[in-house]
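Residue numbers start from 1 in every chain, and the chains themselves are labelled A, B, ... in the order their sequence lines are given, proteins ahead of strands. Only heavy atoms go into these numbers, but all of them, side chains included; no hydrogens, no water, no symmetry mates.
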4 protein chains.
Amino acid sequence: MFKAAIIGATGYTGQELMRILVRHPQVKITHLIARSEEHAPIHTLFPWIEKRLDVACTNILDEDEIAANCDIIFLALPHRVAMDYAPRFLSRNKRVIDLSADYRLKDVSEYQKWYGVDHKSQEFVKDSVYGLCELNRAQIAKADLLANPGCYPTGAILGCAPFLREKLVDPDIILDAKSGTSGAGKAPTVSMSFTEVNENFKAYKVCAHQHTPEILQGLRMVSDEPVSLTFVPHLLPLTRGILSTIYLQLKKNLSVFEAVDVCRKFYDQEPFIRIRPADTFPELKDVAYSNFCDIGVKVAGKRLVVITAIDNLVKGAAGQAVQNCNIMFGLPETDGLLP
Amino acid sequence: MFKAAIIGATGYTGQELMRILVRHPQVKITHLIARSEEHAPIHTLFPWIEKRLDVACTNILDEDEIAANCDIIFLALPHRVAMDYAPRFLSRNKRVIDLSADYRLKDVSEYQKWYGVDHKSQEFVKDSVYGLCELNRAQIAKADLLANPGCYPTGAILGCAPFLREKLVDPDIILDAKSGTSGAGKAPTVSMSFTEVNENFKAYKVCAHQHTPEILQGLRMVSDEPVSLTFVPHLLPLTRGILSTIYLQLKKNLSVFEAVDVCRKFYDQEPFIRIRPADTFPELKDVAYSNFCDIGVKVAGKRLVVITAIDNLVKGAAGQAVQNCNIMFGLPETDGLLP
Amino acid sequence: MFKAAIIGATGYTGQELMRILVRHPQVKITHLIARSEEHAPIHTLFPWIEKRLDVACTNILDEDEIAANCDIIFLALPHRVAMDYAPRFLSRNKRVIDLSADYRLKDVSEYQKWYGVDHKSQEFVKDSVYGLCELNRAQIAKADLLANPGCYPTGAILGCAPFLREKLVDPDIILDAKSGTSGAGKAPTVSMSFTEVNENFKAYKVCAHQHTPEILQGLRMVSDEPVSLTFVPHLLPLTRGILSTIYLQLKKNLSVFEAVDVCRKFYDQEPFIRIRPADTFPELKDVAYSNFCDIGVKVAGKRLVVITAIDNLVKGAAGQAVQNCNIMFGLPETDGLLP
Amino acid sequence: MFKAAIIGATGYTGQELMRILVRHPQVKITHLIARSEEHAPIHTLFPWIEKRLDVACTNILDEDEIAANCDIIFLALPHRVAMDYAPRFLSRNKRVIDLSADYRLKDVSEYQKWYGVDHKSQEFVKDSVYGLCELNRAQIAKADLLANPGCYPTGAILGCAPFLREKLVDPDIILDAKSGTSGAGKAPTVSMSFTEVNENFKAYKVCAHQHTPEILQGLRMVSDEPVSLTFVPHLLPLTRGILSTIYLQLKKNLSVFEAVDVCRKFYDQEPFIRIRPADTFPELKDVAYSNFCDIGVKVAGKRLVVITAIDNLVKGAAGQAVQNCNIMFGLPETDGLLP
C-alpha cells in the first residue's frame with residue numbers, strides 16, 4: 001500500500017482527490033494539510049466523507065514527518081503557492097504530483113508573463129514532467145516532479161493530437177471551450193456566486209486565458225509546424241465538465257468515418273479515451289464524475305470539428321493526477337478510477 | 001412626476017427597484033447612491049440597464065441636495081446600515097421607504113437581540129409604519145417612515161392572515177419556507193457560491209432565523225390570541241422566489257372550498273393577491289418577476305395546509321416598496337407593477 | 001388601439017407574445033387560439049397571467065370573425081403548421097406576422113430540403129418580408145406577410161452584418177452558438193426533460209441545423225461575396241438566451257477599438273442594439289426578458305471574435321415580432337418593449 | 001461471484017443499478033432487459049457506460065435462461081408493471097428484488113386504491129419482505145421477494161423511527177419533503193421538461209401522494225400507537241436527492257443533545273446512517289451519489305424538527321436494493337456501496 005499526503009486538502013481538487021483515493025486499492029491517504037483549518041477529523045469539515053475516510057486535517061506542515069511516512073505528495077494548491085511547497089519534498093527525495101500550473105510551462109518567462117509573478121523554483125522546471133498521460137506515458141513513469149495538466153489543456157490537446165500528429169490539419173486552431181464552475185476554485189467572489197452564474201452564460205478572458213501557453217506547448221508536442229491558437233473560454237451554469245468545440249481546417253479531404261478512425265487508431269488501447277461513432281457527439285453528463293475523455297468529430301467540407309468532453313475535476317485535475325500516480329508507481333493505470 | 005432617490009443602488013434590491021421604476025409612469029429615478037462606486041453612469045456598472053435608464057451612480061451622498069430635489073428616498077441598504085441613513089432624510093422632512101429590517105420591529109429589544117446590534121435611531125421606530133400593503137393600507141398612506149416587510153414575513157403573514165383573523169385555526173403555526181438565493185444579497189461567501197448551491201438543498205437557521213420576530217409581530221396584527229411559530233427556512237437552487245408551506249390546525253371542520261372562499265373574501269379586490277382554485281397550488285414560476293402573491297389551500301381532516309408563492313425581490317422587497325410608494329402618494333396602486 | 005389575434009397561444013412563443021403585449025400601449029390582444037384547449041379563460045391555463053389579461057382561449061378558429069375584428073394576426077405555430085394558416089388571413093386582406101420558419105427562405109427548395117416537407121403555399125413566399133428589423137426596416141413597414149426571423153439567425157446575422165457590409169472580413173464564418181432550452185418548444189421529449197438537460201451540455205445537429213440556410217440567406221443580404229458557414233449549436237442548461245461566438249478572419253489589420261466603432265456606426269440610433277466597450281463581452285443575464293441584442297468584439301491578430309447575446313424568446317422570437325408589428329403600424333418601435 | 005439480471009435496465013433506477021453494480025466485488029451483471037430496445041451493447045444506449053460494462057441489452061425476456069444462469073433478479077420496472085414479472089422468476093425459485101411499489105403494501109386494498117389498478121399477483125404480497133435495511137435486516141436475509149422501499153418512505157421512516165420507537169413523540173407527523181426530478185422517472189411529460197422545472201419550485205399531490213400508505217405502514221413498524229400523517233411533497237429543480245423536514249411534537253422535554261443521542265443509539269453501528277452534530281443539518285450535496293441517509297435534529301420547545309437527506313436514486317432506490325442484495329447473500333453490507 002502506497003501512502004499519500006494531500007497538501008491543500010480542502011479546495012475542490014483536494015476534495016476530489018479524496019473522493020477518488022478512498023476507493024483506490026493500492027493508495028491510502030495518511031496526511032491531509034490545509035492552511036485554513038485547525039487540526040480536526042476531515043469529516044467535521046466535509047460531512048460527505050464521514051464513514052469513508054478517517055484522517056485528521058491539520059494546518060501544521062511537518063515536511064520531515066511526511067517525507068518519512070509518505071510515498072507520494074499531491075499538491076492541490078493554487079497557482080503561485082505550489083512552488084513554495086514542491087521543493088520541500090523534492091529535496092527530501094519525495095515524488096510530487098503538482099496539480100497547479102507552477103511547473104507546467106517549460107518556458108519560465110511565459111509563466112511569469114501569464115501568471116504575473118516571478119517563478120521561485122525555476123531549477124525544478126526543467127526536469128518536471130508534463131502529465132498528459134496518453135501522450136507522455138514513458139516520461140511520466142520516471143517523474144519525480146509531475147506537473148499535472150490544466151483542465152482546458154487536457155480537453156483541447158487530446159482532441160487535436162490525432163490530427164496534428166498525422167499532419168491532417170493546418171496548425172491554426174480555434175478552441176471554443178465551455179467550463180463548469182468548479183474549475184474556478186472555492187475562493188468566494190461576486191462573479192462566481194449562484195445568483196450571478198445561474199441562468200447566465202458568458203465568455204470570459206477572451207483570447208487572454210492563462211491556459212493559452214500551456215495549450216500551445218502541448219500542441220507543439222504533437223506538431224512539427226508552428227501552431228497558432230484562438231482560445232475563447234466560457235462559463236457554464238453547471239458544476240462539472242468542460243466541453244471543447246475545436247475548429248480545424250483539413251489539409252486534404254477526409255470522410256467523417258476516416259476522421260473517426262484516425263482517433264480510434266491514435267487512442268487504441270487507451271482505457272480513458274472513448275471515441276464516439278460518426279455523427280454522434282460527447283455530452284458532459286456522460287463523463288461527469290469519471291476520468292474519461294469522450295471525443296466526437298464532424299467533417300463539413302474542409303472544416304473538421306472535434307468535440308471533447310471531460311470532467312474538469314477528474315480527467316482535468318484529480319483523476320488524471322491519480323492516473324499519473326498509477327503510472328509512476330507501476331500500478332494498473334485504472335486503479336481507483338475504474339469501473 | 002415624483003422624483004426618487006435610491007440609496008444602495010447596486011445591491012439586488014436596489015437593482016430591482018431600478019428595474020421596476022424605469023417603467024413607472026409617475027415616478028422617476030433621479031439619484032443613485034452606492035458606497036462602493038465612483039461617479040459613473042449606472043449602465044457602466046449594470047449593462048442590462050443601458051438604453052433604459054441614464055442616471056449616474058455616485059458614492060457621494062449629499063442629503064441636502066437630495067432632500068431639495070426628491071420626493072421619496074428608497075433605502076436599499078443592509079440591515080444595521082439603514083438606520084444610519086433614515087434619520088438624515090426624515091429630519092429634512094422627506095418620506096423614506098426603508099427596505100431593511102431596521103424599523104420593522106416595534107419592540108427594539110427584539111431587534112437588538114435578533115440583529116445583534118444596538119438600535120441607533122430608536123426615536124423613529126414608534127412612528128414607522130409596517131408596509132404590508134394588504135393589511136395596513138390606511139396607515140401606509142400617511143407614513144413618513146415606511147418599514148418595508150421582509151421576504152419571508154410577506155409570504156407567511158399573507159398566507160395565515162385570513163384564517164387567523166377569522167379565528168378558524170389554532171395560533172400555533174409551522175412555517176416550512178423555501179427561498180431562492182437572491183434573498184441572501186450580493187456579498188460573496190463560499191456558501192452562496194454557485195458550486196456550493198447548485199444541485200444542493202438544505203435547511204438553514206432552523207428555528208433561528210432573524211425574520212422570526214417580524215413574522216410573529218405580523219401574525220399578531222391579525223390574531224387576538226398569543227401566536228407561536230416554528231419556522232424552518234431552506235435554500236433553493238434558483239434565483240427568485242419564496243414558497244411557504246404553512247401547516248395549521250383547524251378549530252372546526254372546513255371544506256377545501258370553504259377554505260378557498262375564506263381567502264377569496266379576505267383578499268377581495270386586492271390587485272396583487274391571486275387565490276388558486278381548490279386543490280391547485282401556486283408555483284414559483286408563476287410569480288417570478290411580478291408583485292403577485294399566489295395562495296393555495298388544502299384541507300386534510302383537521303389540518304389546513306396553506307401554500308404561498310412570491311418573488312422575494314418583488315413582492316418580498318422592491319415591488320412591495322413601489323406598491324407602498326404608490327399608496328403613500330395616492331397613485332394607482334398598480335402603477336409600475338402591472339400589467 | 002390595434003387589435004391582435006394570437007394563433008398558437010399556448011406554446012412558449014405564444015405565451016411570450018402575451019407577456020409583451022399586455023404591456024403594449026397601442027396593441028390589445030382580443031383573440032387567443034390554441035388547438036389543444038377547450039374554450040376557457042387564458043388564466044385557467046396559465047396562472048401567471050391572471051389579473052393581467054382576461055381573454056378566453058379557444059380551439060375554434062373562425063377566420064372571418066378574426067379578420068373582421070383584428071388588425072394583425074400573430075402565428076405562433078410550429079414550422080410546417082403555420083403555412084396552413086397564413087393564407088387564410090392573407091386572403092382576407094389581413095396582415096400576418098409568422099413566427100415560424102415557413103416563409104423565411106426565399107428558395108423554396110431549400111425549405112423543403114431542410115424542413116423535410118413540401119411547401120403548401122409557395123405563392124406567398126415571394127412577397128413575404130424577412131423581419132430582421134435592423135437590416136430590413138423599409139420593407140417591413142410595407143409587409144403583409146412578415147416572416148419573423150429565427151433565434152439563431154438573429155444573433156448570428158446581427159453580429160456579422162457590420163463586418164461583412166464593410167468588407168472587413170472573409171465571408172467564411174464559424175458560428176459556435178449556445179441556446180437555452182425554451183427554443184426547443186414545449187412538446188415533451190426525453191432529451192429535453194429536466195433530468196437529461198440539467199448538469200449537462202452538448203452540441204447537437206452539428207453542421208446540420210435547419211437554421212443554416214436562413215443564416216446564409218441573411219448573411220448574403222449584407223455581403224457581395226459568396227458566404228460559407230460552419231454552424232455548431234449547443235444546448236445550455238438554462239431557459240432563456242442564445243450566446244453566439246462568431247469567428248471571423250480579418251482582411252486587414254483592425255484594432256479592437258476600430259472594431260467596436262464599426263459596430264457603433266453600423267447600429268447608430270438602434271434602440272435595441274447595445275455595443276459593449278472594447279474587451280468587455282455580453283452575458284445572457286443582461287438581455288434576459290428584453291428585446292436587446294448585446295454585441296462585443298475581440299481582435300487577436302487577424303482573427304476577429306464577435307459575441308452576441310439575445311433572449312431567444314424576445315429578440316429571437318416574440319419581442320422582434322412586436323418590434324416588427326410596431327414598424328408595420330408606424331408606431332414607436334419600442335412600444336411594449338421598453339423600458 | 002453472484003450473477004444478476006436487471007429487468008428494466010434503461011430507466012433511471014436501472015441505470016443506477018448498473019452504475020453501482022459495475023463496482024461490486026461479488027455481483028456481476030449478466031443480463032440486461034428493456035422493452036424498448038433491440039439487442040445492442042448497453043454502451044450504444046448509454047455512452048457513459050462504455051469501457052465499464054460490456055453486456056448486451058435486449059427486449060427478449062427468456063425467463064428460463066435467466067433463471068438458469070442468474071442468482072438474483074432486479075426488477076427496475078414501473079409500478080403496475082413489475083407484478084407481471086416477479087411471479088415468472090419466483091415460480092422458478094429465483095430471488096427477486098423489486099424496486100417498484102407493487103409488493104410493498106401488505107394491505108392490497110390500499111395498493112389498489114392508491115395505484116388505481118387491480119393487483120395481479122396478490123399471493124406473493126404476504127411473504128414479500130419490506131427492504132428498509134436498518135429496520136428489517138433479519139427478515140431481509142431470508143427474503144425471496146424483496147420489496148425495495150420507495151424514496152420518500154425511506155427518508156421519512158428513517159427520520160421518525162428513533163423517536164417513535166422510544167415513544168418520545170406524538171404519532172401525528174407532518175412531513176414536508178422535497179425531491180429532485182430523477183424520482184419522476186424517464187417518461188417525457190411537459191411538466192417534467194427542463195423549461196418547466198428550471199427556476200421553478202412547487203408542491204404537488206398535496207396530501208395525496210401514493211407513498212402515503214407506505215410511509216404509514218413503515219411508521220407502524222416502529223410505533224405501538226395509531227399514526228397519522230400530513231405529507232406534502234415538493235419538486236426541486238435539481239436531479240438527485242430528497243430532503244425531508246419532519247415536524248413532531250415531543251411528549252416530554254428533551255434537549256437537542258438528547259435528541260441527537262436518541263438517533264445515535266438507535267443507529268449505532270449502521271454503516272449508512274450518519275447523525276449530524278447538534279444544530280447542524282444535512283444537505284443534499286453531502287449524500288449525492290451515495291447510499292447514506294444523513295439525519296439532523298432541532299428542538300424548539302415541545303417541537304422536534306428532524307431533517308433527513310438521501311439520494312433518491314441510491315438509498316431511495318438502487319443503492320438500497322444493492323444493500324438488500326448484500327444482506328440476502330450474506331455479503332458485507334457495504335459491498336459495492338462504500339467507500
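- Looking at A:Ala300, the atoms closer than 4.5 Å to chain C (heavy atoms on both sides) all sit in the side chain, from C-beta outward.
- Ranked by heavy-atom pairs under 4.5 Å with chain A, the list C:Glu196, C:Lys298, C:His234, C:Arg303 is led by C:Arg303.
- Salt-bridge annotation for A:Lys285 and A:Asp311: absent, with no side-chain N of the basic residue lying under 4.0 Å from a carboxylate O of the acidic one.
- Side-chain contact, C:Ser179 with C:Asn312: no donor N or O sits under 3.5 Å from an acceptor N or O.
- Considering only heavy atoms from C-beta on, A:Asn200 stays 4.5 Å or farther from C:Asp286 through its side chain.
- Both the backbone and the side chain of A:Phe201 come within less than 4.5 Å of a heavy atom in chain C.
- Between chain A and the options C:Leu243, C:Ile174, C:Thr245, the largest number of non-hydrogen pairs under 4.5 Å is found for C:Ile174.
- Annotation: maximal heavy-atom pairing with chain A below 4.5 Å, among C:Val299, C:Thr280, C:Leu284, occurs at C:Leu284.
- Top candidate by heavy-atom pairs under 4.5 Å with chain A, chosen from C:Val232, C:Leu238, C:Asp176, is C:Asp176.
- Between C:Trp48 and C:Phe46, the ring planes lie tilted relative to each other; the angle falls in the 30° to 60° range.
- A salt bridge links C:Glu16 to C:Arg240: at least one charged side-chain nitrogen sits closer than 4.0 Å to a carboxylate oxygen.
- In this structure, the portions of C:Pro237 lying under 4.5 Å from any heavy atom of chain A include both its backbone and its side chain.
- A:Tyr204 and A:Tyr152 have tilted rings, their planes meeting at an angle from 30° to 60° on a 0 to 90° scale.
- The pair A:Lys167-A:Asp224 meets the salt-bridge criterion, with a side-chain N (NZ, NE, NH1 or NH2) lying under 4.0 Å from an Asp/Glu carboxylate O.
- Contact annotation for A:Val206: both backbone and side-chain heavy atoms come within less than 4.5 Å of a heavy atom of chain C.
- Of the listed residues C:Asp279, C:Asp172, C:Val305, the one with more heavy-atom pairs under 4.5 angstrom with chain A than any other is C:Asp172.
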